[in-house]
Amino acid sequence: MRFITIQGPTASGKTALALKLAHALDTEIISADSRQVYRYMDIGTAKPTKQETQGIRHYLIDVVDPDESYSAGRFAEEAGAIVRRLNDEGKLPIVAGGTGFYIRALQNGLFESPDVDMALRIRLMAEAERDIEKVYQRLTEVDPKSAERIHRNDAKRVVRALEIFEQTGISMSEHWRRQQEENSCRSFDILILPEREALYERIDKRFNLMMNNGLLDEVKRLIEMGYKPDDPGMNAVGYRELVDWLENGGEIDAAIALAKQKSRNYAKRQTTWYRSVEFDLTLRDADINIYSVAEAAQEKLAT
RNA sequence: GGCGGGAUAGCUCAGUUGGUAGAGCAGAGGCCUGAAAAGCCUUGUGUCCCCAGUUCAAGUCUGGGUCCUGCCA
């Protein structure tokens with residue numbers, strides 16, 4: 001597999017850069033965004049509009065409904081299939097998006113595992129909520145290596161590790177050990193990382209734009225369609241805060257301020273993630289000579 | 001004008017029978033193998049509104065100010 005990745009915190013300008021690069025390379029774009037996969041959530045997830053895509057084909061946008069769950073595993077599988085197909089057509093696809101975990105899953109692969117058993121997960125999660133210590137204790141018995149790595153309060157990961165053991169009879173750490181490196185993957189990785197102050201300003205401005213573009217109506221429509229605040233897709237920055245305001249009232253300005261704040265928190269987490277990722281090119285902003293980037297990518301990925 | 005309530009970390013507030021202060025959020029740093037826009041960890045010295053008094057000792061008691069705020073006029 002060969003592809004280009006464009007990564008960066010929210011509102012850094014990934015979409016714009018991806019589009020320019022796609023034109024320059026005559027290729028297509030695969031979105032790596034855990035919220036753009038959801039239908040009907042367009043404004044708040046900053047999906048590119050029809051006008052913006054300008055005929056560039058986009059993948060993995062609008063693939064599930066807000067009450068369905070999506071996953072890194074599914075992304076790795078679906079994106080991988082698209083990359084391989086485009087490679088066969090002689091194209092160098094662009095994987096662009098802010099969900100670093102999805103991109104890592106595509107690049108490094110995940111260990112083999114059965115589909116999530118939702119009933120099991122819900123049961124374990126309920127137990128963890130009642131007594132996390134007890135659930136964590138079980139993990140230390142079943143998979144001490146994972147228990148050492150996972151913090152006792154991190155219920156999601158404690159439960160996930162137990163899930164794996166209960167479903168397969170094999171510990172998560174053992175799955176890791178057996179996981180084979182899938183080194184057939186080569187990518188040219190670009191990071192857009194604005195100065196923090198500039199980024200925070202962009203986040204605030206962009207949220208104002210979303211509000212002007214009808215984000216509140218979008219949220220209302222989702223509720224009218226019957227989607228609930230705790231549906232997988234609805235658990236998204238901006239949506240949560242507006243849903244909460246619609247249900248509980250209060251000052252709309254406070255809800256907006258909170259949504260912006262949550263966006264900044266999110267951007268900070270993304271930035272931390274990127275520190276442990278190696279990139280071929282790091283940009284302050286998306287405003288660069290696209291042809292030199294295209295050339296560098298082709299050069300690195302030429303066989 | 002009268003009668004109450006309040007003034008403590010950037011914000012919202014705790015502070016027991018007086019022993020110079022602590023939570024949540026924010027901020028900063030970090031983790032991350034099928035929920036990842038999620039979840040989790042670490043990090044809290046600030047004229048305790050001001051002045052005077054009581055006391056070995058006052059955020060904590062007393063008196064006087066100042067400023068908010070609720071009700072009645």
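Worth saying up front: this structure is predicted, and the values here are computed from it rather than measured. Below, chain A is the first sequence line, B the second, and so on; all start at residue 1.
- With sequence neighbours excluded, no residue forms a ring pair (Phe, Tyr, Trp, His ring centres under 6.0 Å) with A/Y239.
- Rounded to whole Å, the separation between the P atoms of B/U8 and B/C48 comes to 11 Å.
- B/G44 and B/A14: their C1' atoms are spaced 15 Å apart (whole Å).
- Proximity of residues 115-153 of chain A to RNA chain B (heavy atom under 4.0 angstrom from any strand atom) is restricted to A/V116, A/R121, A/M125, A/R149, A/H151, A/N153.
- To the nearest 0.5 angstrom, A/F3 atom CZ is 12.0 Å from A/I94 atom CD1.
- Among B/A38, B/U33, B/C32, the nucleotide with an atom closest to any side-chain atom of A/T272 is B/C32.
- Between the base of B/A38 and the side chain of A/R157 there is a donor-acceptor pair shorter than 3.5 Å.
- Remark on RNA chain B: of its neighbouring residues A/M172 and A/R269, the 5'-side contact belongs to A/M172, judged by nearest-heavy-atom nucleotide.
- Taking 4.0 Å as the cut-off between side-chain N and carboxylate O, A/E174 and A/R177 count as a salt-bridged pair.
- Between the side chains of A/D189 and A/S187, at least one donor-acceptor pair of N or O atoms lies under 3.5 Å.
- The separation of B/A9 from B/C31, taken at their C1' atoms, amounts to 27 Å, rounded to a whole angstrom.
- A donor-acceptor contact shorter than 3.5 Å is absent between the side chain of A/T27 and the backbone of A/H23.
- Nucleotide B/G70 carries an anti base; the chi torsion (O4'-C1'-N9-C4 or O4'-C1'-N1-C2) is more than 90° from 0.
- The strand RNA chain B forms stems, runs of 3 or more Watson-Crick or G-U wobble pairs with distances below 3.5 Å, at B:1-7 with B:66-72, B:10-13 with B:22-25, B:27-31 with B:39-43, B:49-53 with B:61-65.
- A heavy-atom distance below 4.5 Å is found between the side chains of A/Y227 and A/D67.
- Counting any heavy atom pair closer than 4.0 Å across all strands shown, A/F75 reaches no nucleic acid atom.
- A salt bridge links A/K300 with A/D280; the closest basic N to acidic carboxylate O contact falls under 4.0 Å.
- Taking atom P in both B/G27 and B/G22, the straight-line distance is 23 Å, to the nearest Å.
- Nucleotides B/U55 and B/U62, compared at atom C1', are 12 Å apart to the nearest Å.
- Computed from coordinates, the A/N235 CG to B/A35 C1' distance equals 8 Å when rounded to whole Å.
- Annotation: B/A26 and B/G2 have their C1' atoms spaced 41 Å apart (nearest Å).
- Annotation: of the two residues near RNA chain B, A/R240 and A/E112, the 5′-most nearest-nucleotide partner is A/E112.
- When the C1' atom is compared between B/G15 and B/G59, the two are found 8 Å apart, to the nearest whole Å.
- Across all strands shown, A/Y239 has no heavy atoms under 4.0 Å from either base or sugar-phosphate atoms.
- With a 4.5 Å cut-off on side-chain heavy atoms, A/E52 and A/K47 do not count as touching.
- The only option from A/D204, A/N208, A/N265 that meets the side-chain hydrogen bond (donor to acceptor under 3.5 Å, both in side chains) definition with A/K260 turns out to be A/N208.
- Contacts between residues 191-227 of chain A and RNA chain B, defined by a heavy-atom separation below 4.0 Å, involve A/R196, A/Y200, listed by number.
- Using the six-membered ring where Trp is involved, A/Y102 and A/Y70 have ring planes that are tilted, between 30° and 60° apart.
- A/Y102 has its OH atom 4 Å from the P atom of B/A36, to the nearest Å.
- The nearest whole Å value for the distance from the CG atom in A/L162 to the P atom in B/G34 is 13 Å.
- Annotation: proximity of residues 44-52 of chain A to RNA chain B (heavy atom, distance under 4.0 Å) is found for A/G44, A/T45, numbered in ascending order.
- With a 6.0 Å cutoff to the six-membered ring centre and a 45° limit on the axis angle, A/R104 counts as a cation-pi contact of A/W273.
- Closest to the A/F101 side chain, of the nucleotides B/G34, B/A28, B/A38, is B/G34.
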Item to check | Intermediate values then yes/no, salt bridge (charged side-chain N to carboxylate O under 4.0 Å, His left out), A/R160 and A/E163 | outcome: CA-CA 5 Å; A/R160 172 66 184 152; A/E163 240 174 68; 3.2 Å; yes
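- Of the candidate nucleotides B/G34, B/A36, B/A28, B/A28 has the atom lying nearest to any side-chain atom of A/K268.
- Regarding A/I103, its CD1 atom lies at a distance of 14 Å from the P atom of B/A36, rounded to whole Å.
- A side-chain donor-acceptor contact under 3.5 Å links A/R85 and A/Y59.
- Although no hydrogens or angles enter the test, the distance criterion places no donor-acceptor pair under 3.5 Å between the side chain of A/D65 and the main chain of A/E68.
- Between A/R74 and B/A35 there is no side-chain N or O to OP1 or OP2 distance below 4.0 Å.
- Looking at heavy atoms from C-beta onward, A/P194 lies out of side-chain contact with A/R284 at the 4.5 angstrom threshold.
- A donor-acceptor pair shorter than 3.5 Å can be found between the side chains of A/T10 and A/R206.
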Strictly under 3.5 Å: I want the nitrogen or oxygen pairs between protein and nucleotides 22-26 of chain B, one per line.
from  : atom 1 : to     : atom 2 : distance (Å)
B/A26 : OP1    : A/N265 : OD1    : 3.3

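- As rounded to the nearest Å, B/G46 and B/G10 have P atoms that lie 8 Å from one another.
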